[in-house]
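Here the structure is laid out as structure tokens; the discussion comes afterwards.
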Amino acid sequence: MPSISESYRNHPVHVHHKHPDLYSLQELPESYTWTNLNNDHTPTTTYPSSNNNCNITSEGSSVNVPVIDLNDPNASKLIGHACKTWGVFQVVNHGVPLSLLDDIQWVGQTLFSLPSHQKLKAARSPDGVTGYGLARISSFFPKLMWSEGFTIVGSPLDHFHQLWPQDYNKYCDIVVQYDETMKKLAGKLMWLMLDSLGITKEDLKWAGSKGHFNDACAALQLNSYPSCPDPDRAMGLAPHTDSTLFTILYQNNISGLQVKLDGSGGGGWVTVPPVPGGLVINVGDLLHILSNGLYSSVLHRVLVNRTRQRFSAAYLYGPPVNVEICPHAKLVGPTRPALYRPVTWTEYLGTKAKHFNKALSYVQLCVT
Ligand SMILES: C=C1C[C@]23C[C@@]1(O)CC[C@H]2[C@@]12CCC[C@@](C)(C(=O)O1)[C@H]2[C@@H]3C(=O)O
Ligand SMILES: O=C(O)CCC(=O)C(=O)O
Ligand SMILES: [Fe+2]
């Protein structure tokens with residue numbers, strides 16, 4: 001059976017690994033200096049560090065990414081509204097133990113604290129998915145990003161054995177537990193989202209006989225954004241949408257994640273402030289396709305901090321590899337024709353590797 005590990009076989013991405021150790025630089029090198037970081041704004045002003053919980057538009061109204069309590073009986077409705085209007089929301093009371101969030105952060109921090117030559121023993125290959133390296137999307141930008149990442153699909157054992165020949169097992173165990181826990185939460189969120197679209201268990205074969213999404217695929221991406229001597233001219237992670245159904249993101253208590261709002265009612269980059277114990281959920285391209293464009297994948301980026309290292313763990317959730325995602329029949333009709341052709345996750349990741357932020361338009365149908 002094909003797997004997402006085959007996504008890049010025909011579209012290798014050459015991101016060179018010989019870059020300076022970001023943790024020791026005192027000045028921002030030219031190759032990391034981005035211009036117009038803030039020009040790209042429409043009227044919104046954001047206050048990422050001093051006013052962590054509030055984004056203020058030019059009109060003075062506050063625009064905050066919705067925070068949804070999963071124990072709220074209206075959760076599905078609230079989630080549907082957030083997916084339609086924002087493409088992103090945060091969840092609390094999600095059932096993931098805080099100790100597990102601490103544990104995955106500990107794995108990430110320990111990993112990124114290793115010396116460069118050690119981390120490079122587990123470097124991601126140009127046609128591979130897993131391992132250590134710069135963000136895959138780096139090849140689409142003229143400047144480098146102030147971050148490093150580690151991607152895990154399935155068992156991290158081989159790579160972790162290279163990183164920690166003696167005690168790889170304790171790190172593996174945490175990743176396995178994190179994956180299992182996120183998989184359960186993702187199944188729950190998937191039904192809340194589908195329910196909000198009017199899609200039931202009978203309507204979705206690939207959810208499996210019990211609707212548990214047992215065959216769903218996922219990747220776990222650990223991200224580190226070292227403190228940066230010149231944060232106003234550096235980019236942690238450049239603007240992108242995720243190629244997923246949706247992504248569950250844990251961020252430590254350092255802000256930096258921003259989402260781009262549409263022009264209507266303000267627009268511009270809005271900070272997603274860390275909520276203690278909260279998880280950020282963002283709609284990916286495949287849910288955009290499945291919902292026939294009703295839910296939009298959200299463009300997001302990460303800015304960096306002068307004194308504090310930022311850490312995040314993104315659980316990138318997708319369908320089983322052999323399943324073709326297309327606009328759901330219930331969301332297609334004479335007045336709303338299907339906007340996209342069927343596509344598997346593996347195929348879509350290949351399209352993204354080639355066309356990046358234009359990937360969606362390559363699976364779009366010409367609707368007359
Ligand atoms: C399954 C995947 C989605 C992803 C590419 C990957 O193969 C594993 C890493 C993911 C990630 C995380 C950082 C941003 C992103 C655009 C990237 O370069 O790697 C996403 C990819 C994606 O969603 O397209
Ligand atoms: O670090 C973050 O907050 C976002 C990471 C992200 O967008 C990703 O891994 O796809
Ligand atoms: Fe992302």
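None of the values given here were measured: they were computed from a predicted structure. Indexing begins at 1, ligand by ligand and atom by atom, following the structure's order. This chain uses plain numbering: 1 for the first residue, then up along the sequence.
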Atoms in ligand 1 flagged as close to Leu316, the criterion being non-hydrogen separation under 4.0 Å: 10 (C)

Using a strict 4.0 Å cut-off to heavy atoms of Ser243, name the atoms of ligand 1 that fall inside it. 22 (C), 23 (O), 24 (O)

Given Asn223, Thr247, Asn282, Val272, which one has a non-hydrogen atom that is nearest to atom 9 (O) of ligand 2? Asn223

heavy-atom search around atom 19 (O) of ligand 1 in the protein gives Arg136 CB, 4.2 Å

Verify atom 16 (C) of ligand 1: protein non-hydrogen atom under 4.0 angstrom away: yes

Atoms of ligand 2, numbered as shown, that sit under 4.0 Å from any heavy atom of Ala314: 9 (O)

Which of these, Gln221, His300, Arg310, has its nearest heavy atom closest to atom 3 (O) of ligand 2? Arg310

Whether Lys143 side chain and Thr35 backbone form a donor-acceptor pair below 3.5 Å: no

Tell me which one of Phe150, Trp345, Tyr317 gets a heavy atom nearest to atom 1 (C) of ligand 1. Trp345

Counting C-beta onward and ignoring hydrogens, is there a side-chain heavy-atom pair between Phe112 and Leu222 closer than 4.5 Å? yes

Examine Phe89 together with His81 and report whether their ring centres are nearer than 6.0 Å. no

Side chain Glu148, main chain Leu22, donor-acceptor under 3.5 Å: no

Any protein heavy atom nearer than 4.0 Å to atom 11 (C) of ligand 1: no

Any idea which part of Gln221 is under 4.0 Å from ligand 1, heavy-atom wise: side chain, backbone, both or neither? side chain

As a test of the contact definition, would atom 6 (C) of ligand 1 count as having a protein heavy-atom neighbour under 4.0 Å? yes

Is there a heavy atom in Gln251 that sits closer than 4.0 Å to ligand 2? no

Strictly distance-based, threshold 3.5 Å: is any side-chain N or O of Trp34 a donor or acceptor partner for the main-chain N or O of Leu144? yes

Looking just at side-chain N and O atoms, do Asp102 and Ser99 make a donor-acceptor pair shorter than 3.5 Å? no

May I ask you to identify the nearest protein heavy atom to atom 6 (C) of ligand 2, giving residue, atom name and distance to one decimal place in Å? Leu237 CD2, 3.5 Å

Over 60° means perpendicular and under 30° means parallel, so tell me whether Tyr317 and Phe213 are parallel, tilted or perpendicular. perpendicular

Among the N/O/S atoms of Asp242, select the one at the shortest distance from the Fe ion (ligand 3) and name it. OD1

Looking only at distances, please establish whether an N/O atom of ligand 1 is found under 3.5 Å from an N/O atom of Thr244. no

Do Asn305 and Pro231 touch side chain to side chain, with heavy atoms closer than 4.5 Å? no

Can you report which non-hydrogen protein atom sits closest to atom 2 (C) of ligand 1, along with the distance? Leu349 CD2, 3.9 Å

Would you check if there is a donor-acceptor pair between the side chains of Ser312 and Gln251 at a distance under 3.5 Å? no

Enumerated ligand 1 atoms positioned under 4.0 Å from heavy atoms of Asp242: 23 (O)

With no hydrogens and no angle check, is any side-chain donor or acceptor of Arg310 less than 3.5 Å from a backbone partner on Val302? no

Between Phe150 and Tyr132, what is the ring plane arrangement, given parallel below 30°, perpendicular above 60°, and tilted in between? tilted

Show which atoms of ligand 2 fall inside a sub-4.0 Å distance from at least one heavy-atom site of Asp242. 10 (O)

Taking only heavy atoms of Tyr225 into account, list the atoms of ligand 2 that are under 4.0 Å away from them. 1 (O), 2 (C), 4 (C), 5 (C)

Would you check the N or O atoms of Thr151, main chain and side chain alike, for any that come under 3.5 Å of an N or O of ligand 1? no

Would you check if the side chain of Trp191 reaches a backbone N or O of Gly211 as a donor-acceptor pair within less than 3.5 Å? yes

Proximal ligand 2 atoms for Ser312, defined as those under 4.0 Å from one of its heavy atoms: 1 (O), 2 (C)

Going by the 4.0 angstrom heavy-atom rule, the piece of Val129 near ligand 1 is side chain

Looking at atom 21 (C) of ligand 1, tell me if a protein heavy atom falls under 4.0 Å from it. no

Does any non-hydrogen side-chain atom of Tyr315 lie less than 4.5 Å from one of Tyr250? no

Decide side chain to side chain contact (heavy atoms under 4.5 Å, CB included) for Asn253 and Arg308; before the verdict, give the C-alpha distance in whole Å, the side-chain angles of both, and the deciding distance to 0.1 Å. CA-CA 10 Å; Asn253 58 352; Arg308 306 287 300 275; 4.3 Å; yes

At a 4.0 Å cut-off, with the gap strictly under it, does some heavy atom of Arg301 reach an atom of ligand 2? no

NZ of Lys84: more than 12 outside heavy atoms within 6.0 angstrom? no

Sub-4.0 Å atoms of ligand 1 with respect to non-hydrogen atoms of Tyr8: 5 (C), 6 (C), 7 (O)

List every atom of ligand 2 that sits less than 4.0 Å from any heavy atom of Val302, numbering the atoms from 1 in the order shown and giving each element. 1 (O), 2 (C), 3 (O), 4 (C)

Atom 14 (C) of ligand 1: closest protein heavy atom, distance to 0.1 Å, is His240 NE2, 3.5 Å

